[in-house]
Amino acid sequence: MSIGQPLQILLVEDQSSIASNIADYMESKGHVLDFATQGKQGLSLALSTYYDLIILDVNLPLMDGLAVCEQVREKADRHIPILMLTARDSIEDKLSGFSVGADDYLTKPFSLQELEVRCLALSRRHLLQTKDVLTLGAIEIDRKRKQVKRDQQPIDLHAMGYRLLLVLAEAYPQVVSRSELSAKLWGDEPTESDALRSHIYQVRSVLDKPFDKPMLKTVHGVGFTLDVEV
């Protein structure tokens, strides 16, 4: 059984062995997949059919995944979550994907179970992002007013601290790596690690210190996530 609601997924992947493995696993979990083997075909399907999510390989014939992602963002009449697959794991590749509108990245080789978890998290995050108020356990984030509460008490965050917390909340339950967090906060102008460390400290000082249980969690060697009681 799948650990979430079945998804309508478009898989754009030119390597048949990878596509078959993904299809066998995801369909066994109840998800419904459409397939494209090259970029232009994938773009056409993405713009003409309803999908909950697109799994998009970066290296595709005729039109690569970055170009497909950019075209989907320009032409689609709604935001379709896009998870990009790449054989490369450099921060430059991830920044390129995020800059054209990718929502998440997975580096080959990957676990099929992790792929499904990422897809479900992306779909859930997309639903959360359509609401003005995002609620995760004791945290309430009003995106329209850019205000945060914990246990109904206002949390006073500066602009960067608010953005940092919002990135973690929208990614929940995933762990966000330091490099991904930096990419989301500073885009193509990455800053020093000390700057990220100071923003993490500032968020902790107002989000966690006044309360009994910390919610901003460091996963050592991986990144950051929120510890939410549901």
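Please read these numbers as outputs of a predicted model, since none were measured by experiment.
No salt bridge links K184 with E170; every basic N to acidic carboxylate O contact stays at or beyond 4.0 Å. Electrostatic pairing of R150 and D208 counts as a salt bridge here, judged by a charged N lying under 4.0 Å from a carboxylate O.
Taking 4.5 Å as the limit, some side-chain heavy atom of W186 sits within range of a side-chain heavy atom of M160. Side chains of L185 and L164 form a contact here, defined as non-hydrogen atoms less than 4.5 Å apart. V167 is not listed as a side-chain neighbour of F224, based on a closest heavy-atom distance of 4.5 Å or more. Between I141 and L136 there is no side-chain heavy-atom pair separated by less than 4.5 Å. In this structure, the side chains of L165 and L226 come closer than 4.5 Å at one or more pairs of heavy atoms. The side-chain heavy atoms of I55 and L33, taken from C-beta on, include no pair separated by under 4.5 Å.
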Under 3.5 Å, sequence neighbours excluded: what are the donor-acceptor pairs made by side chains of residues 59-73?
from: D64; atom 1: OD1; to: L66; atom 2: N; distance (Å): 3.2
from: D64; atom 1: OD1; to: A67; atom 2: N; distance (Å): 2.8
from: Q71; atom 1: OE1; to: K75; atom 2: NZ; distance (Å): 2.8
from: R73; atom 1: NE; to: G101; atom 2: O; distance (Å): 2.9
from: R73; atom 1: NH1; to: I80; atom 2: O; distance (Å): 3.0
from: R73; atom 1: NH2; to: H79; atom 2: NE2; distance (Å): 3.4
from: R73; atom 1: NH2; to: I80; atom 2: O; distance (Å): 2.9
from: R73; atom 1: NH2; to: G101; atom 2: O; distance (Å): 3.1
from: R73; atom 1: NH2; to: D103; atom 2: OD2; distance (Å): 2.9

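A183 and L95 get closest at one heavy-atom pair: CB-CD2, 3.3 Å. The heavy-atom pair separating P81 from D52 by the smallest distance is CD-O, 3.2 Å. Of all the heavy atoms in C119 and L53, the pair that sits closest is SG-CD2, 3.3 Å. Minimum interatomic distance between Y162 and V148 (heavy atoms only, all atoms of both residues): CD1-CG2, 3.8 Å. Nearest heavy atoms, F110 versus T107: CB-O, 3.7 Å. Between L45 and A36, the shortest heavy-atom distance links the atoms CD1-CB, 4.2 Å.
Distance check: L157 CG to Q147 CD gives 11.5 Å after rounding to the nearest 0.5 Å. Going from atom NE2 of H31 over to atom CE of M26 covers 4.5 Å, rounded to the nearest 0.5 Å. Rounding to the nearest 0.5 Å gives a distance of 10.0 Å between CD of E74 and CG of L43. Taken from OH in Y105 to CD in E180, the straight-line distance is 10.5 Å, to the nearest 0.5 Å. The line from NZ of K217 to CG of L168 is 13.0 Å long, rounded to the nearest 0.5 Å. Put simply, OG on S20 and CZ on F35 are 7.5 Å apart, with the number rounded to the nearest 0.5 Å.
V222 shares a hydrophobic cluster with V175, V219; the chain of contacts runs through ILVMFWY side chains whose heavy atoms sit under 4.5 Å apart.
The hydrophobic clustering, which links ILVMFWY residues whose side-chain heavy atoms are closer than 4.5 Å, places Y172 and F211 together. Residues L216 and Y201 do not share a hydrophobic cluster, clusters being chains of Ile/Leu/Val/Met/Phe/Trp/Tyr side chains in contact below 4.5 Å. The cluster map of Ile, Leu, Val, Met, Phe, Trp and Tyr, joined by side-chain heavy atoms under 4.5 Å apart, puts V32 and I9 in different clusters.
When the shell of 6.0 Å around CD of E114 is examined, it contains more than 12 heavy atoms from other residues, nucleotides or ligands.
For the side chain to side chain donor-acceptor pair (under 3.5 Å) criterion with D57, the lone passing option out of Q38, Q15, K108 is K108.
Classified by interplanar angle (parallel below 30°, tilted 30° to 60°, perpendicular above 60°), the ring pair H199/H158 is perpendicular.
Under the 3.5 Å distance criterion, the side-chain polar atoms of S123 are left unmatched by any main-chain donor or acceptor of L120. Side chain of S198 to main chain of A195: a donor-acceptor pair is present (N/O by atom type, distance under 3.5 Å, no hydrogens or angles).
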**Chi angles and distances behind the side chain to side chain donor-acceptor pair (under 3.5 Å) call for Q174, D104** = CA-CA 11 Å; Q174 288 179 230; D104 200 3; 3.2 Å; yes

